[in-house]
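Some notes on the structure that comes next.
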There are 2 protein chains.
Amino acid sequence: MSSEQTDTRTRILKATWHLMEQRHGLGVKMSDIASAAGISRQAVYLHFATRTELMIATVNYVDEIKGLNERLNQLKQARNGAELLDACVDVWGNYIPEIYGLAKALMMTRDTDEATAAAWNGSMACLREVCQDIIDTLDRENQLASEWPKTQAVELFMTLISIQNWEQLTTECGWSTTQYVTRMKTLLRHTFVKRPAQLSI
Amino acid sequence: MSSEQTDTRTRILKATWHLMEQRHGLGVKMSDIASAAGISRQAVYLHFATRTELMIATVNYVDEIKGLNERLNQLKQARNGAELLDACVDVWGNYIPEIYGLAKALMMTRDTDEATAAAWNGSMACLREVCQDIIDTLDRENQLASEWPKTQAVELFMTLISIQNWEQLTTECGWSTTQYVTRMKTLLRHTFVKRPAQLSI
DNA sequence: ACATCAATTGACACTGTGTCAAGTAACTAA
DNA sequence: TTAGTTACTTGACACAGTGTCAATTGATGT
């Protein structure tokens with residue numbers, strides 16, 4: 001398997017990913033991808049039946065290479081819920097910039113494309129598990145802020161760390177990745193972690 | 001001026017708005033708008049040069065009718081920053097569902113369309129002033145949570161109450177408008193309003 | 001020598017936006 | 001009455017981007 005340089009299919013996936021990141025997921029045509037991969041437009045269709053199929057395959061390819069799951073294993077080290085929360089923001093906040101272009105492309109068509117929506121929901125379900133875990137841990141430690149029932153806490157958590165919010169805060173407001181990470185940690189801790197009683201004067 | 005029933009231009013605007021709300025801003029074609037307004041597709045172009053121009057005109061039309069600014073005047077009644085913040089969420093949280101379809105249509109094309117982006121930014125600048133005002137008031141009262149410098153507080157505020165977050169929490173997580181409002185109030189208060197010392201045991 | 005697979009070229013259908021030209025019906029003004 | 005203007009109609013067309021189809025080439029393996 002795979003002689004020459006690299007498999008054509010892989011070359012297409014790499015080209016797609018590269019262009020998506022470069023153009024932040026905007027205005028990437030099938031013909032652009034084809035020429036970036038050094039083949040004809042029609043040849044792309046020999047490997048991927050539709051644009052959507054290509055996008056989803058690219059997501060899987062990137063997932064495999066970037067290994068979000070492995071990164072999330074770093075969370076295993078945290079021993080209490082608050083640390084877990086911090087670690088999560090560290091991993092996620094540094095991950096987003098690496099997949100933003102592709103994520104944007106997906107986000108833009110998920111409203112009109114069933115398959116894209118399904119792929120997106122798959123990724124989000126994976127993230128949700130992590131959030132769920134963190135909230136559960138806080139709850140188990142009796143550290144979950146009392147105003148948030150667990151389900152709502154998870155939903156709000158997911159929303160706060162959404163890619164859309166990251167996009168707004170970084171590209172619109174000019175926050176750097178480190179700024180985003182530290183400030184998001186602050187927000188999440190203050191929102192979900194019960195205030196220690198000893199803080200009172 | 002304006003005999004018959006209503007001005008054709010106005011009929012187009014109404015049709016656009018109606019369709020946008022009905023279809024949540026998705027898949028609304030110029031021909032759909034035309035037939036909803038009871039005229040030919042080409043006639044729409046006699047009044048609005050491009051789709052974008054029509055969208056922006058519709059936003060202005062809706063703005064005029066719905067009168068966000070007037071609603072925001074309710075805020076004048078609040079006497080302290082915390083109340084101001086609550087009032088803001090009340091107004092904004094009840095406003096979003098009324099303009100969601102149109103807002104969605106705008107949001108979806110602002111990445112690729114300069115004019116749309118400008119119109120969007122205009123609306124957001126208006127909202128930003130309100131947020132700015134609230135944060136300023138909290139700060140003046142020495143009630144702004146110490147971890148947030150004013151600029152960052154405003155940016156975060158805007159992000160938290162963004163339409164995208166509303167969309168996620170309501171359509172994705174199934175929160176009702178009232179649930180959204182009360183929970184968002186909780187989040188914002190805990191985030192931006194300094195914890196009263198007397199809360200300690 | 002033959003079959004197969006990957007890729008190529010070129011043509012075409014479809015959708016939606018925007019343009020253009022010619023025609024019609026109604027209202028206005030000399 | 002006639003001429004002009006205004007608002008709208010019909011129908012045709014250009015353009016971009018996706019997806020399809022058919023015929024062809026070139027290399028690989030048997």
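Throughout, a chain's letter reflects where its sequence line sits, starting with A, and its residues are numbered from 1.
Residues A:C88 and A:L75 come closest through the heavy atom pair N-CD2, 3.6 Å.
Between B:T186 atom OG1 and A:E147 atom CD the span is 7.0 Å, to the nearest 0.5 Å. Note that CD of A:E98 is 4.0 Å distant from CZ of A:R71, once rounded to the nearest 0.5 Å.
Listed in residue order, the members of residues 100-108 of chain A having a heavy atom less than 4.0 Å from DNA chain C come to none. Remark: B:Y45, B:A49, B:T50, B:R51 in residues 44-52 of chain B come within less than 4.0 Å of DNA chain C through at least one heavy atom. For the contact set between residues 24-41 of chain B and DNA chain C, defined by any heavy atom under 4.0 Å, the members are B:K29, B:M30, B:R41.
Between the side chain of B:D139 and the backbone N or O of B:L144 there is no donor-acceptor pair closer than 3.5 Å. Of the possible donor and acceptor atoms, one in the side chain of B:N121 sits under 3.5 Å from a partner among the backbone N and O of B:A117. A side-chain donor-acceptor contact under 3.5 Å links B:R11 to the backbone of B:A37. A donor-acceptor pair under 3.5 Å is formed between the side chain of A:W92 and the backbone N or O of A:I161. Judged purely by atom type and a 3.5 angstrom limit, B:D32 uses its side chain to pair as donor or acceptor with the backbone of B:K29.
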Hey, can you pull the donor-acceptor pairs under 3.5 Å for the side chains in residues 128-138 of chain B, sequence neighbours left out?
unit_1	atom_1	unit_2	atom_2	d
B:D136	OD1	B:K150	NZ	3.0
B:T137	OG1	B:D133	O	2.7

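Between the side chains of A:T52 and A:D113, at least one donor-acceptor pair of N or O atoms lies under 3.5 Å. Side-chain contact of A:E155 with B:W175: a donor-acceptor pair under 3.5 Å is present, judged by distance alone.
For DNA chain D, the contact window with chain B, defined by any atom under 4.0 Å from a protein heavy atom, covers D:dC8 to D:dA12 in 5' to 3' order.
Applying the ring pair (Phe, Tyr, Trp, His ring centres under 6.0 Å) test to every pair with at least one member in residues 20-69 of chain B, sequence neighbours left out, gives these pairs: B:H24-B:Y100.
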